Each structure stands twice: as C-alpha cells, then as structure tokens.
Amino acid sequence: MNIVLLDLDNHLRFAPLSLTRPIGNLRCGMWTNDERWKHYFSDASVSYKTEDYLSDKYPLNQKDDNYWIDACVIPTPELVVEIGKLMKDESLYVNGKFVAFRGKDFSQENPQKKEIDSFLYLDNRWSLYQLNEKVLKADFDYYIKDKTSFGLSPSNTLIGPKENLFIEEGARIECSVVNVASGPVYIGVNAEVMEGSLIRGGLALSEGATLKLGTKIYGPTSIGPYCKVGGEVTNSVFQAYSNKGHDGFVGNSLIGEWCNLGADTNTSNLKNNYSKVRAYDYNTGNMEDTDVQFMGLSMGDHCSSGINTMFNTATVVGVSSTIFGQGFPPKYIPDFSWGGFKKDSVFEFEKALEVAKNMMSRRDRELSDKDIKVLKHLYSERQNY
C-alpha cells in the first residue's frame, strides 16, 4: 500500500512547526501522523506531497496505485476500514471533508460520502494540543491491544486502573505518583521518569525521553523522542530532541525540535480578561481573532530562550530564533531573530547553523545538507512570513 500525505492548502496553518516539515510529520497523541498511518497499515509506504523547498528532505514516492490522504486527517480504526474499501479512482469524504483518493494521480472525483462520529481532523496548529486528549487515548487503546506492559516499581504510587498505564521495555520510573484515572499514561522504550515526578494522564512520553526530578505533568501532554522536560507542563506537545529541563510553566503550547527553554522560562496561556485570543496567522501576515481561550507558545525548530524569559499568551516564535531580554517579547517573532525584541535584529545564518550543529552534536546527531537547504530557504524568505 502506497500512502501519500497531502499538505493541500493547509501548510501555513501549522507554521512555525510546518516550516521545517510536512503536516504529515507533526506530532499529536503518541505519534507523528505518518507514524500513525504505518501503525494502522503495517505494510504501507508513506511519503508526502508538500512544499517544493521541503521535497528533498521529504520526497514524494508516487506509484501506479496510491492512496492520496489529507495529512490533517487522524486515522482511527473506523476510518481505516472505510479507506481500505476504496476502489481505484474513488475518493472518500467524511462529514463533508475530503479524506482520501485512490489512484495514480491525485483527484477528488467519484466521491464516496460517509458520516463517522469518531472523525478527528486538524484544522489549525492549536488543534494539535486541543485534540491531543482524544488522539492520545485512541492511539493508546489501539496500541496496547495484545501487548503486555512492564510492571511498575513498588516505589511508585499508581492512582486509577492499571490498564491505563503502559510501560515499555527499558523504561525507568521510581518514586513518582502516576494518576491514570483521567487518562492513559504511556512510558516509551528507554524513557525515564525521575524521582518525585507527579503525573496526571494523559501522557505520552516517547522513546528516550526524560522527565526531570520533581516534574509536574497535567495531561494531556505528548513529549517526543529524546526530549528532556522538567517544571510544570499542561496540555502541550513537544516534537523531539527539545529541552525544558528546569522549573517554569508551559501550557497549551507547541514546541518544535532542537529547542532549549532556559531556566524559569514561562508561558502565559490565558488572557487577563479571559477573552478569546488573537494569534499570528502566517497566511495573512497579521494577528487574527480565534475561537480559542487557552493558547500558550508556538515555537519552531532550533529555537532557544534565555533564563527567566516570559512569553505572553499566544506567542509565536519562528525557526532558529534566540530569545532573551527584559519584559515580554512580541507576540510574533520572525525566523532567525536574535533577542526577539527588535525587528531588525537578525540571527546571522552561519551563526545560527553553528548553534544548531553544536546542539545536535551533543545528541550524536548531525545537521544534514537537506536540513541546511531548508533553513537556507527560510532565511531567504524570512521577511515574507
């Protein structure tokens, strides 16, 4: 089975996270969406139809028979059955939205229309944390079938049904309180929960990720592979390889890859007057009204914040930006910003690359030529976002 995940016209709806990856590679629940399709279709090959500048790193693999799927669609067992029924040159619409087309070349013709109660669709970047509870639970229920969890050490306290906790081989958790009454908790391969942590599900702690000493997690939160997280976190999604290793609050937030939040970095996630927030829209280049009351930080890849940084409600930080200084930074900070307070303070490209390479080398990873090509494109286009 050959699956192609389509950005369609939605790419900038998920910026700044989608500036460095297709929508199909965004994390929500236990996995990125491309990983999720592979779980449901174990024999599937998954590729992307995305922006031209991303196509070297995320190439399209087109064959004679393809399943062209909107990357904003979250697969569920019921939806997977309907996609599996598609004949060649048929398309599937669910609850009025295009979902998939089967054929050599992409089309939306010959629609088969279905209504599905469990249909999950990402409308905007903030959908990643708003839907995280539902997606995480669906992922957990699907994944644990016919699997056996490793046991929880008696040094820990478990609250709620043990069926809502799954611990993979090599994971370490000691002297912590885990409450699964309100949602499932998944502890990935070789992940670690250090002593004194307080966890309220749902939580997905991915492979090799770490909760530092005394971390407080208010679900639903997803922490990607090899992230290191401490302090207080609620309803947030970390992509991978990012650090929030110290005290400070992060709520209703989206953190990209290779980010580092300095000690006591805090995010506001609610306005003082409790009204709906305005947020930066990459399509219009303006602050726009939303229907969302809780919204924290949205941070692109390769960003960092200095100690005691305060992010206002619904702040957006572009790729490869370093934020420091007194007071609240602006609510929109462009790619490759240095300091973040002055529009003309640009983080020089070669210096930004040096920082990215240094951080990645600490995890025995390298910045590839394809990564550099993507970053170079964003640097040349930074005034357009």
Side-chain angles (χ1 to χ4, degrees), residues 1-15 17-18 21-125 127-128 130-132 134-143 145-146 283:
M1 185 177 194
N2 195 57
I3 294 175
V4 179
L5 298 180
L6 303 161
D7 278 10
L8 298 174
D9 296 324
N10 299 313
H11 182 72
L12 289 180
R13 285 178 172 268
F14 295 86
L17 296 175
S18 58
R21 61 180 56 79
I23 295 171
N25 190 236
L26 291 172
R27 181 169 301 279
C28 182
M30 283 174 56
W31 306 300
T32 58
N33 217 19
D34 47 4
E35 292 172 338
R36 187 172 291 106
W37 284 107
K38 290 177 183 177
H39 276 287
Y40 279 99
F41 293 105
S42 58
D43 63 339
S45 170
V46 179
S47 65
Y48 316 86
K49 183 71 173 68
T50 185
E51 300 295 299
D52 288 344
Y53 75 92
L54 292 172
S55 60
D56 278 356
K57 185 176 180 182
Y58 299 96
L60 168 65
N61 177 27
Q62 185 174 355
K63 298 183 178 180
D64 289 336
D65 186 11
N66 309 285
Y67 288 78
W68 304 85
I69 300 175
D70 184 346
C72 294
V73 173
I74 301 291
T76 58
E78 188 177 2
L79 180 63
V80 164
V81 169
E82 296 300 332
I83 290 176
K85 293 178 182 177
L86 281 175
M87 304 297 288
K88 277 196 173 183
D89 299 320
E90 282 186 345
S91 57
L92 174 65
Y93 283 73
V94 174
N95 300 357
K97 287 185 179 291
F98 167 77
V99 171
F101 172 80
R102 182 181 178 185
K104 181 176 181 180
D105 298 304
F106 173 57
S107 171
Q108 298 184 38
E109 298 176 354
N110 302 324
Q112 307 298 309
K113 298 181 180 179
K114 302 289 181 178
E115 297 292 323
I116 296 179
D117 290 339
S118 61
F119 185 57
L120 297 171
Y121 188 86
L122 303 169
D123 287 302
N124 293 283
R125 63 176 178 262
S127 300
L128 293 166
Q130 286 185 313
L131 290 180
N132 202 40
K134 290 182 179 179
V135 176
L136 200 162
K137 187 177 188 312
D139 290 347
F140 184 88
D141 291 342
Y142 176 78
Y143 180 75
K145 287 186 298 185
D146 303 321
N283 280 304

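In this text the structure is predicted, and so the values were computed from the model without any measurement.
- For the pair N66 (side chain) and I3 (backbone), a donor-acceptor distance under 3.5 Å is absent.
- Of all the heavy atoms in P59 and S47, the pair that sits closest is O-CB, 3.3 Å.
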Derivation of the side-chain contact (heavy atoms from CB on, under 4.5 Å) call for D105 and Q62: CA-CA 8 Å; D105 298 304; Q62 185 174 355; 2.9 Å; yes
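- The two residues Y58 and T50 come nearest to each other via the heavy atoms O-CG2, 4.2 Å.
- Taking the six-membered ring for Trp and the full ring otherwise, the centers of F98 and F106 sit less than 6.0 Å from each other.
- Counting heavy atoms from C-beta outward, R21 and L26 have side chains that approach closer than 4.5 Å.
- Between D7 and K49, no side-chain nitrogen of the basic residue sits less than 4.0 Å from a carboxylate oxygen of the acidic one, so the salt-bridge criterion is not met.
- Of all non-hydrogen atoms in F14 and N124, the two that sit nearest each other are CE2-O, 3.1 Å.
- Minimum heavy-atom separation, N33 to A71: ND2-O, 3.0 Å.
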Full working for side-chain contact (heavy atoms from CB on, under 4.5 Å) between L5 and I69: CA-CA 5 Å; L5 298 180; I69 300 175; 4.1 Å; yes
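- Between Y40 and P77, some side-chain heavy-atom pair lies under the 4.5 Å cut-off.
- The backbone N or O of M30 sits less than 3.5 Å from a side-chain atom of D139, completing a donor-acceptor pair.
- The backbone N or O of Q108 sits less than 3.5 Å from a side-chain atom of S91, completing a donor-acceptor pair.
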Worked verdict on F119 versus K97 for side-chain contact (heavy atoms from CB on, under 4.5 Å): CA-CA 10 Å; F119 185 57; K97 287 185 179 291; 4.1 Å; yes
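- Under 4.0 Å is where a charged nitrogen must lie from a carboxylate oxygen, and between E82 and K85 at least one such pair does.
- Listed for the N61 side chain is no donor-acceptor partner under 3.5 Å among the backbone atoms of V46.
- Of all non-hydrogen atoms in W31 and R36, the two that sit nearest each other are O-NH2, 3.2 Å.
- Within the model, atoms NE2 of H11 and CG of L54 stand 5.5 Å from one another, a figure rounded to the nearest 0.5 Å.
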Worked check of salt bridge (Lys or Arg N to Asp or Glu O under 4.0 Å) between K145 and D141: CA-CA 7 Å; K145 287 186 298 185; D141 291 342; over 6 Å; no
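- Other residues, nucleotides and ligands contribute at most 12 non-hydrogen atoms within 6.0 Å of the CG atom of D146.
- Closest of all the heavy-atom pairs between L128 and R27 is CD2-O, 3.6 Å.
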